[in-house]
*Asks:* 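Structure in structure tokens, see below.
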Amino acid sequence: MNLSIEGYFSSGELANLIGISRQILRYYEKEGILTPDFIDDNGYRYYKPESYFTLEIVISLRKLEIPLDNIKEFLQNRSLASLQNFFMKQIDLLDDKKRNLERCQKIFNEKLSSIDKLKNMPINNIILVPKPPQKVYLSTAVPLNLPRKDQLKLFAEFLRPYIKGEQYIGFTIGYMEYYDVFCGAGHCNQFHSLIITDTPVPRDANCFLKCEGGLYLSTTFKNALPSVPQEVRDYVNEYIKLNNLKVLSNVFVYTLGDYWSSQKEEDVLSCLYIQVEYKK
């Protein structure tokens with residue numbers, strides 16, 4: 001036996017040569033990346049000297065964050081052409097990662113910008129602002145008298161197709177309430193969850209509503225529940241009456257800080273929008 005192993009590395013020797021542990025070497029064996037050339041009666045593993053070069057390839061590619069499955073496939077089909085194809089494929093994957101990192105960076109910058117605005121945003125003040133046209137994706141109607149748990153289940157079902165997408169963090173979410181209910185003239189006891197996005201929407205997405213561009217009444221208040229607090233309704237309706245405004249849309253409420261920035265629903269900032277024009 002001693003004569004047969006003279007030209008081979010033990011697992012410990014090979015691991016030391018490349019600077020890894022024997023456990024990692026055993027893991028590569030388990031994954032079929034680098035198997036011993038023979039195992040003696042006592043279970044000791046031995047490798048041909050050429051195994052060093054194979055292991056060097058594996059370690060180098062792992063440092064480049066290439067998955068073991070890809071490395072294994074490459075090792076089984078080594079040639080100049082396969083090496084070229086392998087590197088070209090990795091460049092394509094890196095380009096995809098780069099685009100994803102740039103997208104993430106853009107979202108984080110947008111979030112930081114919105115946080116700066118939220119810090120100094122006046123609460124319970126009304127302003128009139130111009131807004132461009134916008135697509136708002138709506139859920140089916142949700143009864144207001146449903147238990148909170150059941151409301152959240154319906155909300156989660158509505159969001160599920162969007163959560164699967166890569167840019168969910170960049171979406172705006174909220175709800176729509178009918179204006180006749182908001183002003184106390186109607187008795188509809190339901191609302192619609194909504195989401196706003198410029199990204200491609202899943203095929204099974206719910207219906208959308210095109211919000212016309214124009215002048216919008218806007219106010220910011222604290223509350224994330226799908227119902228505008230009565231005091232907010234009162235001062236908004238009073239403002240509309242005093243300023244001789246005509247209401248052109250339903251009421252859209254977007255959460256601004258949402259649960260990322262607050263632990264309590266009553267502390268979450270929300271912004272209300274209603275399209276208006278001055279009466280002639």
Side-chain angles (χ1 to χ4, degrees), residues 1-112 153 156-171 197-205 259-260:
M1 181 63 69
N2 288 335
L3 290 176
S4 66
I5 67 172
E6 283 184 357
Y8 291 82
F9 289 127
S10 69
S11 58
E13 287 174 325
L14 183 59
N16 287 333
L17 283 175
I18 206 73
I20 61 173
S21 68
R22 292 173 61 184
Q23 288 77 13
I24 292 178
L25 196 57
R26 288 293 297 272
Y27 177 70
Y28 289 157
E29 176 188 345
K30 179 183 176 182
E31 295 297 316
I33 302 296
L34 181 62
T35 56
D37 289 287
F38 74 87
I39 302 173
D40 70 12
D41 296 337
N42 295 316
Y44 293 110
R45 286 153 168 77
Y46 294 93
Y47 298 81
K48 289 181 180 179
E50 293 79 10
S51 298
Y52 170 83
F53 298 105
T54 301
L55 187 57
E56 187 270 334
I57 293 173
V58 175
I59 299 302
S60 297
L61 293 179
R62 287 300 294 142
K63 288 180 179 178
L64 294 173
E65 299 182 359
I66 296 174
L68 282 178
D69 287 343
N70 293 4
I71 296 174
K72 181 178 179 180
E73 181 181 356
F74 168 68
L75 291 175
Q76 293 172 346
N77 301 280
R78 271 182 284 180
S79 69
L80 195 59
S82 66
L83 181 61
Q84 183 182 36
N85 291 334
F86 180 79
F87 285 152
M88 290 175 64
K89 181 178 180 181
Q90 300 313 310
I91 289 173
D92 289 340
L93 292 173
L94 287 172
D95 286 339
D96 290 340
K97 287 184 178 180
K98 181 180 178 182
R99 284 190 289 269
N100 185 57
L101 288 173
E102 289 173 346
R103 178 188 62 81
C104 292
Q105 186 177 42
K106 178 183 177 183
I107 290 174
F108 290 142
N109 284 332
E110 289 173 351
K111 289 293 182 181
L112 283 172
K153 285 174 65 176
E157 290 174 3
F158 167 61
L159 281 187
R160 188 177 297 122
Y162 304 93
I163 292 177
K164 293 178 182 177
E166 293 183 349
Q167 302 204 27
Y168 170 62
I169 189 175
F171 292 167
T197 174
D198 295 325
T199 59
V201 176
R203 289 184 178 180
D204 55 348
Y259 296 93
W260 290 59

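No hydrogens, no waters, no symmetry mates; every other heavy atom, side chains included, goes into these values.
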*Asks:* Tell me, please, which residues at least two apart from Ser60 pass side chain to side chain donor-acceptor pair (under 3.5 Å).
*Replies:*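 With sequence neighbours excluded, Ser60 shows a side chain to side chain donor-acceptor pair (under 3.5 Å) to Glu56, given in chain and number order.
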*Asks:* Are the side chain of Asn100 and the backbone of Asp96 linked by a donor-acceptor contact shorter than 3.5 Å?
*Replies:*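 A pair under 3.5 Å: no.
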*Asks:* Counting C-beta onward and ignoring hydrogens, is there a side-chain heavy-atom pair between Tyr47 and Leu55 closer than 4.5 Å?
*Replies:*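 No, their side chains stay 4.5 Å or more apart.
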*Asks:* Is any side-chain heavy atom of Ile59 closer than 4.5 Å to a side-chain heavy atom of Tyr28?
*Replies:*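 Yes. Closest side-chain heavy atoms under 4.5 Å.
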*Asks:* Can you list everything that forms a salt bridge (charged side-chain N to carboxylate O under 4.0 Å, His left out) with Arg78? Sequence neighbours excluded, please.
*Replies:*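 Result, salt bridge (charged side-chain N to carboxylate O under 4.0 Å, His left out) vs Arg78: none returned.
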*Asks:* Can you tell if the side chain of Ile57 reaches within under 4.5 Å of the side chain of Phe74, non-hydrogen atoms only?
*Replies:*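 Answer yes - side chains close enough.
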*Asks:* Are any non-hydrogen side-chain atoms of Leu14 and Ile18 less than 4.5 angstrom apart?
*Replies:*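 Heavy-atom side-chain distance check fails, nothing below 4.5 Å.
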*Asks:* Per the side-chain contact (heavy atoms from CB on, under 4.5 Å) rule, which among Asn70, Ile71, Leu75, Leu68 passes with Leu61?
*Replies:*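 Of the listed residues Asn70, Ile71, Leu75, Leu68, the side-chain contact (heavy atoms from CB on, under 4.5 Å) partner of Leu61 is Ile71.
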*Asks:* After noting the C-alpha distance and the side-chain angles of Ile66 and Gln90, does the key distance pass the side-chain contact (heavy atoms from CB on, under 4.5 Å) rule?
*Replies:* CA-CA 8 Å; Ile66 296 174; Gln90 300 313 310; 3.6 Å; yes
*Asks:* Measure from the side-chain N and O atoms of Asp40 to the backbone N and O of Asn42, and report whether any donor-acceptor pair falls under 3.5 Å.
*Replies:*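 Yes, the answer is positive, given that a donor and an acceptor are paired below the 3.5 Å cut-off.
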*Asks:* Step by step, work out the side-chain contact (heavy atoms from CB on, under 4.5 Å) result for Arg99 and Arg103.
*Replies:* CA-CA 6 Å; Arg99 284 190 289 269; Arg103 178 188 62 81; over 6 Å; no
*Asks:* If you look only at pairs with a residue in residues 17-38, which of them pass as a salt bridge (charged side-chain N to carboxylate O under 4.0 Å, His left out), with sequence neighbours excluded?
*Replies:*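 Pairs touching residues 17-38 that pass the test: Arg26-Glu29, Glu29-Arg45.
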*Asks:* Once the angle between the rings of Tyr46 and Phe38 is folded into 0 to 90°, is it parallel (under 30°), tilted (30 to 60°) or perpendicular (over 60°)?
*Replies:*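 Parallel.
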